[in-house]
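Structure first, then comments.
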Amino acid sequence: MFRGAVAVVVLGLLGWSDGFRLGRTQQFGFLPPPKVAVGTSLPPDQWFTQTLDHFNPTDTRTWKQRYFTNATFYKPGGPVFLQINGEGPANPQWMVEGAWISYAKRLNAYLLSLEHRYYGKSLPTEDASTENLIYLSSEQALADLAIFTVSMRKSLGLNKNKWIVFGGSYSGSLAAWYRLKYPHLVHGAVATSAPILAQVNFKEYLEVVKASLATWGEECNSMVYEANRELHLLLQHRVGWQTITQQFRLCEPLDGTNQLDVANLFSVLAGNIEEVVQYNLDNRAFEGVKGTNITIDTVCSVLTNTTLGSPYARYAALNSMFLDVQGEKCLDYTYKSMVDQMQATSWENNTDVGGRTWIYQTCTEFGFYQSSDSSDQPFGNEFPLDFFTRQCQDIFGTKFTTALLNYGVKRTNSIYGGHNLKVTRVVFPNGSIDPWHALGVTTNISSSAPAIFINGTAHCANMYPASPSDLPQLTAAREQIFRLITQWLHQKDV
Ligand SMILES: *[C@@H]1O[C@H](CO)[C@@H](O)[C@H](O)[C@H]1NC(C)=O
Ligand SMILES: *[C@@H]1O[C@H](CO)[C@@H](O)[C@H](O)[C@H]1NC(C)=O
Ligand SMILES: *[C@@H]1O[C@H](CO)[C@@H](O)[C@H](O)[C@H]1NC(C)=O
Ligand SMILES: *[C@@H]1O[C@H](CO)[C@@H](O)[C@H](O)[C@H]1NC(C)=O
Ligand SMILES: *[C@@H]1O[C@H](CO)[C@@H](O)[C@H](O)[C@H]1NC(C)=O
Ligand SMILES: *[C@@H]1O[C@H](CO)[C@@H](O)[C@H](O)[C@H]1NC(C)=O
Ligand SMILES: *[C@@H]1O[C@H](CO)[C@@H](O)[C@H](O)[C@H]1NC(C)=O
């Protein structure tokens, strides 16, 4: 029943190149790969025989987990850098580019990267049916890392070396939790933009989006607010539904009485802007990802451009800009369409990011639902928490109740500590305009577990390769992280 060797799935490039839009596509904080020069050779896939269920000693089934290595910079005695991956494919581009590569060069590090189970090509079960997803959890992922680390220490002769782990977003949390739970295997961790607190209703997300748009100018938020207010008024009558269908280029006519479709529409439209804010100016452009040139400045310039008509018309113009850049003719916004896609259990058409497997983790471990429940945000109130929690049942079945979700989140914070995380030698870089910082570590836990505040940068910016246009504080943060790692490497292994 479980999957053998090499999976045949070729996953599409992620981000804006995804063909399908849904209320919760990319906003979970997935980390897209950096750009590499055309013609750069990338390391090949390697496969590690991994245990399916680490918590049932009588289950001896195994599967193949993908990993990458790059020993180019390694000199005997140097550290081992292990990249922890999260809710998307592990991309070999990170093995040749990114801030950690520049650290590896200076510190003679051996580079490893292990793909997360149930993402990319690391598919432990034959499909993603709900029964088969029971082996998908952060705890199983951490145990994968432990078994992998112990095995590589031995097979690569890296037993005496100090291991430093890196992760961003969900995998940033995994980096911190790996150090917490397996301190004998990992010497230090760089946990970038890590949402270490699980939370069902992540309503603060849109508050930070608001604050980030305000860095451009308060008018930008006023226009988002006005546009959503006008949209809401148009929903009150049939003629309005037709207007919305036309102006927002909906694939199917809007029925304003269908609350789930309405919620999904508002959520998708907010999602466009959420994504721009989350990834603003982070050097993630690489071939295939379209639309990285759309920034907060672009969005706010359109929303405040009076020659484009009313705020509502400008919001529609913005939507058209997103559709065009994605090469889509119309906006697929219906709830049914979204749930249908999320119910598909075959690995064949798994687009991964924000896909079925990550939604499963949100329904069982994290929540993180970016609802419209805060009154301190301009996106209206059409996508409340229950719009998200009901998706767990609609996608995975009646067992996946709100009670189950609430317990899962409580359990996650109980086993890892939430904001009371007790760790040493973990650094938490923090971008001020990244909406995820609301669940992250924003103040020093201790002198050995500091937060680094990067004013003006977005999600995971410090992990990307340096660029001449980087803000000086971003450059300084990369250097500060380097100094910390250097200090750690001089410390005894405790
Ligand atoms: C390791 O990374 C360096 C720097 O990008 C690159 O030149 C080299 O080819 C990589 N090695 C492997 C095995 O991919
Ligand atoms: C972004 O780049 C695409 C081409 O890659 C271009 O068509 C589009 O006009 C650009 N948009 C903005 C806002 O610069
Ligand atoms: C406003 O939009 C019009 C029409 O697209 C464009 O020609 C003009 O340059 C825009 N103005 C600003 C300030 O962006
Ligand atoms: C995957 O998508 C293609 C194109 O939409 C479709 O023809 C095929 O049947 C799908 N495969 C599965 C297993 O759903
Ligand atoms: C992290 O960012 C938040 C929001 O900008 C800020 O309030 C906090 O002080 C930052 N953390 C540190 C350690 O500077
Ligand atoms: C947090 O820790 C960093 C690194 O040790 C230090 O530079 C900074 O001053 C600390 N911040 C506070 C508010 O204690
Ligand atoms: C962040 O930078 C802006 C200017 O770019 C400044 O106005 C603001 O005070 C800074 N915030 C912090 C917390 O340093």
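Order of listing sets the numbers, starting from 1, for every ligand and every atom in it.
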Under 3.5 Å: N/O of Asn444 near N/O of ligand 6:
yes
Counting heavy atoms not belonging to His184, are there more than 12 under 6.0 Å from its NE2?
yes
Ignoring hydrogens and angles, tell me if any N or O in the side chain of Trp63 forms a donor-acceptor pair with the backbone of Ser122 under 3.5 Å.
no
Is there any N or O on Asn70 that sits under 3.5 Å from an N or O of ligand 1?
yes
Tell me, please, which residues at least two apart from Lys203 pass salt bridge (Lys or Arg N to Asp or Glu O under 4.0 Å).
none
By salt bridge (Lys or Arg N to Asp or Glu O under 4.0 Å) - contacts of Glu219 (at least two apart)
none
Could you tell me if Thr295 and Thr298 have a donor-acceptor pair between their side chains, going purely by distance under 3.5 Å?
yes
Are Tyr205 and Phe379 near enough that their ring centres are under 6.0 Å apart?
no
I'd like the contact residues of ligand 3, where contact means a heavy atom below 4.0 Å.
Asn305, Thr307, Leu308
A student checking ligand 1 against Thr72 at a 4.0 Å heavy-atom cut-off should list atoms 1 (C), 8 (C), 10 (C), 11 (N)
Arg106 vs Glu479, test: salt bridge (Lys or Arg N to Asp or Glu O under 4.0 Å). Steps then yes/no.
CA-CA 12 Å; Arg106 292 156 78 182; Glu479 211 39 46; 2.8 Å; yes
Under 3.5 Å donor-acceptor pairs involving side-chain atoms of residues 140-150, not counting sequence neighbours:
residue: Gln140; atom: OE1; partner: His54; partner atom: N; Å: 3.1
residue: Gln140; atom: NE2; partner: Asp53; partner atom: OD1; Å: 3.0
residue: Asp144; atom: OD1; partner: His54; partner atom: NE2; Å: 2.5
residue: Asp144; atom: OD1; partner: Arg117; partner atom: NH2; Å: 2.8
residue: Asp144; atom: OD2; partner: Arg117; partner atom: NE; Å: 2.8
residue: Thr149; atom: OG1; partner: Leu145; partner atom: O; Å: 2.7
residue: Thr149; atom: OG1; partner: Tyr178; partner atom: OH; Å: 2.6

Decide whether Thr69 and Gln46 meet the rule of one side-chain donor and one side-chain acceptor closer than 3.5 Å.
yes
Looking only at heavy atoms of Phe73, does any of them come nearer than 4.0 Å to an atom of ligand 1?
yes
Any idea which atoms of ligand 1 are less than 4.0 Å away from a heavy-atom of Val96?
2 (O), 4 (C), 5 (O), 10 (C)
Element-labelled atoms of ligand 1 that are located less than 4.0 Å from some non-hydrogen atom of Met95
1 (C), 2 (O)
